[in-house]
Peer 1: 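This is the structure, below, for whatever I ask next.
Reminder, nothing fancy here: chain letters follow the sequence lines and each chain counts from 1.
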Amino acid sequence: MSGDHFQNENQVDCGSRVNDSHKHRDKHKEHKLKDHKKDKERDKSKHSNNDYKDSSDKKHREKEKIRHKDGSADKHKEKRKEEKIKDGKIKKEKENGFGSSMHVKSEPEDLYHAPKHEKSLKRERDDDDVEFKSKKIKTEDDKKAKKRKHEDVKVKPKGKVKKEVADGKKKAKKEPEEKWKWWEEERATDGSKWKFLEHKGPVFAPPYEPLPSRVKFYYDGKQMKLSPEAEEVATFFAKMLDHEYTTKDIFRKNFFKDWRKEMNSEEKSKITDLNKCDFNEMAEFFKAQSEARKSKTKEEKLKLKEENERLLQEYGFCIMDNHRERIANFRIEPPGLFRGRGDHPKMGMLKRRIRPKDIIINCSKDSKHPEPPPGTKWKEVRHDNKVTWLVSWTENIQGSIKYIMLNPSSRIKGEKDWQKYETARRLKKCVDRIRNQYRDDWKSKEMRIRQRAVALYFIDKLALRAGNEKEEGETADTVGCCSLRVEHIKLSPEKDGQEFVVEFDFLGKDSIRYYNQVPVEKRVFKNLQLFMENKEPDDDLFDRLNTTVLNKHLQELMEGLTAKVFRTYNASITLQQQLKQLTNSEDNIPAKILSYNRANRAVAILCNHQRAAPKTFEKSMQNLQTKIDAKKDQLSDAKRELKSAKADAKVRRDEKTKKSVETKKKAVERIEEQLMKLEVQATDREENKQIALGTSKLNYLDPRISVAWCKKWGVPVEKIYNKTQREKFAWALDMAEEDYEF
DNA sequence: ATCGATACTTAGCATTGGGGTT
DNA sequence: AACCCCAATGCTAAGTATCGAT
């Protein structure tokens with residue numbers, strides 16, 4: 001973990017008082033009362049929950065976490081199968097893009113567009129300016145420009161570099177495409193997220209296609225024709241048949257209940273027992289269908305691909321403040337059976353199909369509004385520029401709102417991301433003060449302050465999540481720091497030769513198990529004992545604390561500080577430190593990358609980012625080993641040849657043999673390098689078996705640290721960030737120099 | 001203080017795509 | 001050309017955080 005912490009550790013308290021604890025005891029009980037009732041309920045689910053699958057294999061770390069057993073087996077697949085069928089439909093007019101009148105011009109002074117850069121040879125910018133001044137509808141020229149833009153965007157992503165170069169010279173159109181550097185522009189200060197927004201609305205899930213009549217459903221051994229409504233829901237179940245969770249009671253119960261709601265009265269009276277339903281023919285049909293899809297010819301596949309691309313071009317972009325920006329998720333989630341993660345009480349419920357009348361559109365008043373499909377209406381069209389979403393609807397399982405928003409490469413997401421790291425850097429400047437303060441607060445007379453201080457210590461030291469309260473029975477039973485319960489920690493005055501050990505064992509976000517044994521300072525330990533006194537296992541550990549209270553306090557310590565900033569800060573600072581520590585200047589590039597990955601891994605472990613070991617892990621390790629062995633053989637052959645060439649050269653001493661020695665020497669070196677690369681790869685893969693690097697890379701690590709590292713050591717940034725990631729972090733690639741310090 | 005609504009970030013797994021291999 | 005493999009992408013659930021009403 002972050003080296004920063006270590007210093008704390010050593011200043012181990014000076015004289016913790018065992019007792020001051022007692023005087024505060026009294027206060028807390030009453031607060032607890034509130035949750036007793038829910039505690040009861042919780043019990044049930046909890047118990048079934050608690051046996052974690054024991055994962056033996058954890059290598060380099062003592063932390064081990066595994067999704068809790070109940071959840072683990074079944075958790076994965078389940079949903080999206082149905083979407084295989086889709087694709088074809090939803091076509092609308094072909095006219096592409098945004099032909100509409102664009103932008104309103106109204107906001108003149110508008111910081112956003114003030115191009116401060118002289119360097120603006122970029123076409124986009126030029127366009128902007130034109131549009132900007134002439135608040136009008138697009139002219140033909142504009143249209144053309146737009147179109148070009150489309151092409152550019154398209155070509156870029158897929159075209160290889162060389163191609164681009166070629167294209168570039170054939171038309172001037174290439175360079176104007178120069179990426180927009182939004183980070184060089186002013187940011188709005190009035191809380192508005194945009195001035196102009198135009199888009200085409202969402203792409204709906206394709207309508208249900210009834211099964212061919214040869215595919216039968218049987219109830220109690222007898223064939224039965226289902227109504228289309230009931231049949232559709234049945235197919236959702238059929239598609240999941242080979243997954244374990246279709247065998248789970250809750251899943252089956254929820255499914256059956258919702259399925260019956262879709263049945264007509266005849267079906268309802270006949271079909272009363274899920275166990276008597278035979279979905280096998282349906283399941284077979286879908287399997288065959290996906291086989292068929294795979295074996296499609298090239299042409300067919302190409303056609304599908306083109307169709308997809310067309311849809312992307314039409315619906316996958318919006319115009320926001322004079323720039324064409326990619327939308328993240330323009331397709332509406334198809335209907336299906338809900339499968340939450342972990343032990344979710346709602347698993348198996350029917351996730352309803354979303355229709356136009358469920359949809360709220362958000363766009364500029366003066367944009368061309370998206371059209372609902374013929375014969376339908378939107379629920380609402382609003383013009384709220386204080387938010388970033390384009391489309392929203394309410395989902396029926398939890399009643400939460402879902403949104404269509406922009407891609408991470410967009411200005412609006414990028415700015416926010418950048419800002420997030422700037423906040424974390426501000427924390428860096430005052431973290432010592434804050435740490436001193438919470439250490440002081442461990443001694444407070446007030447229970448709530450002690451709790452707050454201990455919780456904050458965990459959040460800082462262990463990078464725990466804040467732990468908002470959740471609605472009981474609506475979701476899987478998971479916790480974060482503030483919502484830890486007594487049963488989630490175990491105290492040992494002495495364990496494995498260490499004093500004051502706290503053992504954490506709980507399910508966190510996504511029901512991923514957090515397991516860790518941590519020696520803490522005596523004062524923390526004593527406080528925990530105090531917090532746990534007279535409580536039941538399922539009582540809150542921090543009964544006087546919640547995330548709102550904590551964040552309010554943090555806000556006072558530093559503007560913009562919330563619990564999650566600590567995670568960002570500790571992740572980024574850890575990366576920076578680890579890179580410094582692990583990178584060897586004389587290493588070659590692959591070895592340096594291994595060091596990078598190890599630094600990244602340290603962060604992933606800190607943040608508890610796990611993954612199930614890939615199903616094919618063993619095999620792929622084996623394959624790699626085979627390659628390595630082959631390479632070793634090749635190496636010894638090459639060495640032998642070199643030797644004999646040398647011997648030869650000694651005798652003959654002519655130019656030709658000398659040359660030959662040189663060549664062979666080169667060959668040996670090349671093979672050695674290849675071998676080393678493979679070995680590094682094997683090490684990296686092995687170490688990464690159950691650790692997911694992506695999440696921290698994408699969400700917690702200030703990209704400028706990585707960019708600076710690449711520059712410093714001459715590692716191509718493409719080795720660290722793939723294309724998508726480079727797009728997301730374009731701001732960082734552009735601005736970070738080798739001396740960047742987080 | 002608590003609740004419910006809202007908006008936005010973070011998360012892991014499933015599927016896909018496209019390059020390499022046979 | 002079929003197949004294999006893994007990185008990249010897609011998907012959407014599950015978090016965090018804040019606000020305004022009660």
Side-chain angles (χ1 to χ4, degrees), chain A residues 31 34 67 71-72 75-81 83-84 157-158 193 243 290 293-295 297-298 301 304-305 308 328-334 336 338-342 344 346-347 351 360 362 384 386-389 392 394-395 397-403 405-408 412-413 416-417 420 465-471 474-476 478-483 508-512 546-552 554-555 560-565 567-568 571 607-612 614-617 619-620 623-624 627 681 685 690 692 694-696 698-700 721-725:
Chain A
H31 288 250
K34 62 175 185 214
R67 178 149 308 116
S72 81
K75 79 162 303 106
H76 14 303
K77 51 285 265 24
E78 130 237 45
K79 49 201 147 201
R80 65 205 106 200
K81 241 136 193 261
E83 59 212 62
K84 310 188 148 177
K158 48 185 47 156
K193 304 290 174 65
H243 290 124
S290 78
R293 263 190 354 134
K294 270 186 243 160
S295 55
T297 67
K298 235 197 269 192
K301 281 184 176 163
L304 277 167
K305 206 174 137 188
N308 244 326
N329 56 324
F330 59 94
R331 289 170 205 272
I332 297 236
E333 299 172 19
F338 176 83
R339 165 62 189 173
R341 310 188 199 198
H344 199 115
K346 300 199 169 184
M347 67 172 84
K351 192 166 103 167
I360 301 175
N362 192 34
D384 181 356
K386 300 287 189 273
V387 298
T388 67
W389 53 268
S392 75
T394 299
E395 155 270 346
I397 303 286
Q398 326 264 0
S400 64
I401 306 170
K402 301 263 188 160
Y403 303 93
M405 291 181 186
L406 298 195
N407 195 79
I412 212 160
K413 293 292 186 190
K416 198 83 185 294
D417 204 39
K420 172 181 77 187
R465 296 189 183 82
N468 283 323
E469 273 119 300
K470 307 167 69 185
E471 219 179 319
E474 296 292 298
T475 62
T478 63
V479 298
C481 186
C482 295
S483 49
K509 181 177 181 179
D510 295 323
S511 292
I512 296 291
N546 61 40
T547 55
T548 312
V549 169
L550 177 62
N551 281 336
K552 229 165 239 159
L554 293 175
Q555 202 62 240
L561 186 60
T562 62
K564 84 192 203 41
V565 178
R567 246 167 106 80
T568 310
C607 293
N608 201 36
H609 291 144
Q610 305 188 57
R611 61 166 184 178
K615 280 196 214 342
T616 56
F617 185 84
K619 186 152 63 106
S620 98
N623 289 161
L624 200 51
K627 270 196 197 168
Q681 197 186 346
R685 191 177 295 178
Q690 292 165 281
T695 303
S696 49
L698 238 47
N699 300 301
Y700 289 103
Y721 291 129
N722 68 30
K723 185 166 69 67
T724 311
Q725 294 166 157

Peer 1: Find out whether Ile360(A) and Trp389(A) are in side-chain contact, i.e. whether some heavy atom of one side chain is under 4.5 Å from a heavy atom of the other.
Peer 2: yes
Peer 1: Looking at every strand, decide which applies to Ala612(A) at a 4.0 Å heavy-atom threshold: base, sugar-phosphate, or nothing.
Peer 2: sugar-phosphate
Peer 1: Taking only residues two or more places apart in sequence or in another chain, which ones pass side chain to side chain contact (heavy atoms under 4.5 Å, CB included) with Ala571(A)?
Peer 2: Val603(A), Cys607(A), Tyr700(A), Leu701(A)
Peer 1: With heavy atoms under 4.0 Å as the rule, sort Thr478(A) into base, sugar-phosphate or nothing.
Peer 2: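 Touches sugar-phosphate only.
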Peer 1: Identify whether any heavy atom of Tyr700(A) sits under 4.0 Å from a base atom; if not, whether one sits that close to sugar-phosphate; answer base, sugar-phosphate or nothing.
Peer 2: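 Contact class for Tyr700(A): sugar-phosphate only.
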Peer 1: What's touching nucleotides 20-22 of chain B from the protein side, N or O pairs under 3.5 Å?
Peer 2:
none

Peer 1: Identify whether any heavy atom of Thr388(A) sits under 4.0 Å from a base atom; if not, whether one sits that close to sugar-phosphate; answer base, sugar-phosphate or nothing.
Peer 2: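 Answer is sugar-phosphate: Thr388(A) comes under 4.0 Å of backbone atoms only.
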Peer 1: Would you check, one step at a time, whether the test salt bridge (Lys or Arg N to Asp or Glu O under 4.0 Å) holds for Lys351(A) with Glu395(A)?
Peer 2: CA-CA 8 Å; Lys351(A) 192 166 103 167; Glu395(A) 155 270 346; over 6 Å; no
Peer 1: Could you check which of dA13(C), dT6(B), dT10(B) has an atom nearest any side-chain atom of Asn699(A)?
Peer 2: dT10(B)
Peer 1: Output all residues satisfying side chain to side chain contact (heavy atoms under 4.5 Å, CB included) with Thr475(A), sequence neighbours left out; order by chain, then residue number.
Peer 2: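 Thr475(A) satisfies side chain to side chain contact (heavy atoms under 4.5 Å, CB included) with His344(A), Gln398(A), Lys470(A) once adjacent residues are dropped.
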Peer 1: Hey, does Glu395(A) reach any base, or is it just sugar-phosphate, or nothing, if we go heavy atoms under 4.0 Å?
Peer 2: nothing
Peer 1: Pull out every protein N or O sitting under 3.5 Å from an N or O of nucleotides 2-6 of chain C, one pair per line with the distance.
Peer 2:
from	atom 1	to	atom 2	distance (Å)
dC5(C)	OP2	Lys619(A)	NZ	3.1
dC6(C)	OP1	Arg685(A)	NH1	3.3

Peer 1: Checking Ile401(A) now: which residues fulfil side chain to side chain contact (heavy atoms under 4.5 Å, CB included) with it, not counting sequence neighbours?
Peer 2: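 For Ile401(A) the side chain to side chain contact (heavy atoms under 4.5 Å, CB included) partners, ignoring immediate neighbours, are Ser392(A), Thr394(A), Tyr403(A).
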Peer 1: Taking any heavy-atom pair under 4.0 Å as a contact, classify Gly399(A): base, sugar-phosphate, or nothing.
Peer 2: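 The answer is nothing, as Gly399(A) stays clear of every strand by at least 4.0 Å.
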Peer 1: Indicate for each nucleotide in nucleotides 16-22 of chain C, in 5' to 3' sequence, whether protein heavy atoms under 4.0 Å reach the base (B), only the sugar-phosphate (S), or nothing (-).
Peer 2: BBS----
